[in-house]
Peer 1: 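The structure that follows is given in the form of structure tokens.
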Amino acid sequence: MVQAIALIDGNNFYAACEQSIDPSVAKRPLVILSNNDGCIIARSPEARELGIPMGQPYFRIRNKLERLGVIVRSSNYALYGDMSQRLMNLLDENCEGIEIYSIDEAFARINRPSNGDLHPWARRLRALSNQSLGLPISIGFGASKGQAKLANHLAKTRAFHAGIFDLINIQDQDSYLESIPIENVWGIGQKSAHWCRLKGINTAKQLRDIPSNQLKAQLGIVGIRLQQELLGQACLPLATTPSPKQTTCVSRSFGHSVTSLEELIEAIATYVVHASEKLRRQRQLTQSISVFIRTNPFAPSFYSQEATTRLGVPTNDTTVLLPTALALTRKIFSAHKQFTKAGVIMRHLQSADYQQQSLLATYSQEGQYRRDQLMRTIDQINASYGKGTISWACCGLKQHWNMRREKISCAATTRIMEIPIVKA
DNA sequence: TCTGGGGTCCTAGGACCC
DNA sequence: TCTGGGGTCCTAGGACCC
């Protein structure tokens with residue numbers, strides 16, 4: 001059985017999710033802002049046609065958007081995460097095995113039919129996604145992940161191919177590779193693209209064909225792997241079971257800059273509570289906790305500090321992590337500074353299923369058991385009755401520092417009171 | 001006034017081991 | 001005058017991804 005690797009992704013995913021739950025913004029120019037309403041991170045095709053650039057800070061382009069009648073939304077990750085899960089379930093049911101690569105894309109293993117033509121299968125999957133989720137998807141086929149990525153890029157950019165492109169089952173593969181600029185090759189970022197251009201490597205085909213010793217010298221083993229992938233030699237395995245995370249981080253920019261220790265502590269406490277919940281959901285413990293704070297990196301006199309505590313006993317217990325993080329916060333806080341962002345990072349994670357006991361532990365096992373029970377109970381209550389039903393006093397009530405989300409849509413797929421109503 | 005968040009992998013260099 | 005070879009682990013920083 002010949003197998004192909006597919007890369008399947010949602011087109012303009014965040015914008016498509018908004019359009020899927022709200023017909024009034026369908027087929028209209030729409031942009032989605034990053035957290036804190038910072039910059040543009042997604043555009044509907046109609047907004048793209050108006051020449052709205054990706055990544056542009058919102059405050060710089062706000063007037064232009066108003067003038068052009070572009071609809072603006074804050075990002076709504078509750079909605080996108082839920083729509084993503086539905087899409088991944090659909091892919092899982094229809095493929096031999098999938099690797100969820102990001103919120104809006106997955107690699108998949110597909111059996112190629114005896115006549116070699118994957119287009120009927122792909123057309124059916126696109127129709128299913130459109131009908132059941134209202135999400136348009138693109139599908140690219142290759143012999144490796146790298147080729148599947150290129151094929152997906154071609155599926156999106158060549159209207160004639162209607163969202164499906166098979167790089168293997170095609171006559172003039174080379175001419176297609178020649179049409180892809182080096183910047184659009186997966187794994188080539190700004191820095192590497194600059195080097196490639198200087199060397200006269202301007203397309204995916206040229207990258208595939210240069211002597212590998214030159215590539216090795218500049219890009220190291222990563223470059224060699226990339227080249228092999230372009231040649232159709234799969235070096236990056238399909239990870240159908242997700243591997244456990246090595247780090248977990250919760251960080252946010254503030255809605256307005258923070259100068260007082262009290263407010264900073266509220267914010268850090270909130271992030272620690274969130275990060276500890278994440279650890280418990282992932283069934284992991286952390287062996288280290290770091291806190292970082294920083295001022296505006298675009299302003300002169302940029303200030304940034306980080307501090308870490310290594311924990312004797314790995315834990316995911318909020319009652320242990322909170323005081324540790326708050327002590328670190330007091331240590332790195334500096335008065336008369338305007339902080340714009342802070343965060344908490346957990347490193348050296350390990351499975352909660354095989355907990356190493358400490359030789360020198362000073363706590364009682366009984367006490368730890370009771371605290372684990374307490375954490376479980378809090379998580380269950382918050383899952384049943386909504387986030388923050390049980391909170392920690394040090395997180396504060398008003399949270400004036402919290403991020404801006406002035407134009408957020410409703411939780412149409414995850415909150416019963418906000419389900420859209422269709423009038424006949 | 002206002003510029004996102006959360007990850008992975010690789011490399012180099014230092015400390016240390018036998 | 002002469003000063004090994006082979007390895008692990010850790011950290012910091014860079015590059016990249018969506």
Peer 1: Within the structure shown, what part of the strands sits under 4.0 Å from A:R60 by heavy-atom distance: base, sugar-phosphate, or nothing?
Peer 2: base
Peer 1: Provide, to the nearest angstrom, the distance between the NZ atom belonging to A:K245 and the C1' atom belonging to C:dC17.
Peer 2: 13 Å
Peer 1: Measure the distance from CZ on A:F292 to C1' on B:dG5 and round it to the nearest whole Å.
Peer 2: 9 Å
Peer 1: Measure the distance from OH on A:Y77 to C1' on B:dG7 and round it to the nearest whole Å.
Peer 2: 13 Å
Peer 1: I'd like to check, for A:F298, whether its ring lies over the base of B:dT3 with centroids under 5.5 Å apart and a plane angle smaller than 30°.
Peer 2: yes
Peer 1: So which nucleotide does B:dC16 pair with, by the Watson-Crick or G-U wobble rule with both distances under 3.5 Å?
Peer 2: C:dG7
Peer 1: Would you say B:dT3 has OP1 or OP2 under 4.0 Å from some side-chain N or O of A:S253?
Peer 2: no
Peer 1: Base, sugar-phosphate or nothing for A:Y101? Non-hydrogen atoms, less than 4.0 Å.
Peer 2: sugar-phosphate
Peer 1: Please tell me if A:S102 has a side-chain N or O lying less than 4.0 Å from either OP1 or OP2 of C:dC17.
Peer 2: no
Peer 1: Which part of the nucleic acid, if any, lies within reach of A:L33 when heavy atoms closer than 4.0 Å are counted: base, sugar-phosphate only, or nothing?
Peer 2: nothing
Peer 1: Using a 6.0 Å cut-off, check whether atom CG of A:L397 has over 12 heavy atoms from anything other than its own residue.
Peer 2: no
Peer 1: Rounded to whole Å, how long is the line connecting atom CD of A:Q56 with atom P of B:dT3?
Peer 2: 13 Å
Peer 1: Between B:dT3 and C:dC18, how far apart are the P atoms? Round to whole Å, please.
Peer 2: 25 Å
Peer 1: Looking across every strand, which nucleic acid part, if any, lies under 4.0 Å from A:T248 by heavy atom: base, sugar-phosphate, or nothing?
Peer 2: sugar-phosphate
Peer 1: Which whole-number value in Å describes the distance from A:N184 CG to C:dC16 P?
Peer 2: 14 Å
Peer 1: Does the side chain of A:R404 get closer than 4.0 angstrom to OP1 or OP2 of B:dT1 through an N or O atom?
Peer 2: no
Peer 1: Identify, between A:F59 and A:V222, the residue whose nearest nucleotide on DNA chain B lies closer to the 5' end.
Peer 2: A:F59
Peer 1: With a 4.0 Å cut-off on heavy atoms, is A:N296 in touch with a base, just the backbone sugar-phosphate, or nothing at all?
Peer 2: nothing
Peer 1: OP1 or OP2 of B:dG7 sitting under 4.0 Å from any side-chain N/O of A:K278?
Peer 2: yes
Peer 1: Tell me if the aromatic rings of A:F292 and A:F339 count as close, with their centers under 6.0 Å from one another.
Peer 2: no
Peer 1: Is the phosphate of B:dT1 approached by A:Q338 (side-chain N or O, under 4.0 Å from OP1 or OP2)?
Peer 2: no
Peer 1: Consider the side chain of A:W186, meaning its heavy atoms from C-beta on, and name the nucleotide among C:dC17, B:dG5, B:dT3 that approaches it most closely.
Peer 2: C:dC17
Peer 1: Touch check for A:S192, heavy atoms < 4.0 angstrom, all strands: base, sugar-phosphate only, or nothing?
Peer 2: sugar-phosphate
Peer 1: Taking atom types as modelled, find out whether A:T319 and A:D317 have a side-chain donor-acceptor pair closer than 3.5 angstrom.
Peer 2: yes
Peer 1: Return yes when atom CD of A:Q338 has more than 12 non-hydrogen atoms of other residues, nucleotides or ligands closer than 6.0 Å, and no otherwise.
Peer 2: no
Peer 1: Are there more than 12 heavy atoms of other residues, nucleotides or ligands under 6.0 Å from atom CZ of A:R197?
Peer 2: yes
Peer 1: Within the structure, does a side-chain N or O atom of A:S251 lie under 4.0 Å from either OP1 or OP2 of B:dG4?
Peer 2: no
Peer 1: Over all strands shown, is A:V185 touching base, sugar-phosphate only, or nothing at heavy-atom distances under 4.0 angstrom?
Peer 2: sugar-phosphate
Peer 1: Taking 4.0 Å as the cut-off, does a side-chain nitrogen or oxygen of A:R225 come that near to OP1 or OP2 on B:dC9?
Peer 2: no
Peer 1: Got a salt bridge between A:D372 and A:R376, using NZ or NE/NH1/NH2 to carboxylate O under 4.0 Å?
Peer 2: no
Peer 1: Would you say A:T247 reaches B:dT8's phosphate, i.e. side-chain N/O to OP1/OP2 under 4.0 Å?
Peer 2: yes
Peer 1: Could you tell me the separation between the CG atom of A:L226 and the P atom of B:dC9, rounded to a whole number of Å?
Peer 2: 16 Å
Peer 1: Side-chain N or O of A:K341 less than 4.0 angstrom from OP1 or OP2 on B:dC2?
Peer 2: no
Peer 1: Pick the closest DNA chain B nucleotide for A:P244 and for A:N35 by heavy atoms, then say which residue is nearer the 5' end.
Peer 2: A:N35
Peer 1: Whole angstrom is fine here: how far is it from NE2 in A:H194 over to C1' in C:dC16?
Peer 2: 17 Å
Peer 1: Aromatic contact between A:F107 and A:W186, with the criterion being ring centroids under 6.0 Å apart: yes or no?
Peer 2: yes
Peer 1: Could you tell me how far apart A:Q218 (CD) and C:dA15 (C1') are, to the nearest whole angstrom?
Peer 2: 12 Å
Peer 1: Would you mind classifying the nucleic acid contact of A:I188 as base, sugar-phosphate or nothing, using non-hydrogen atoms under 4.0 angstrom?
Peer 2: sugar-phosphate
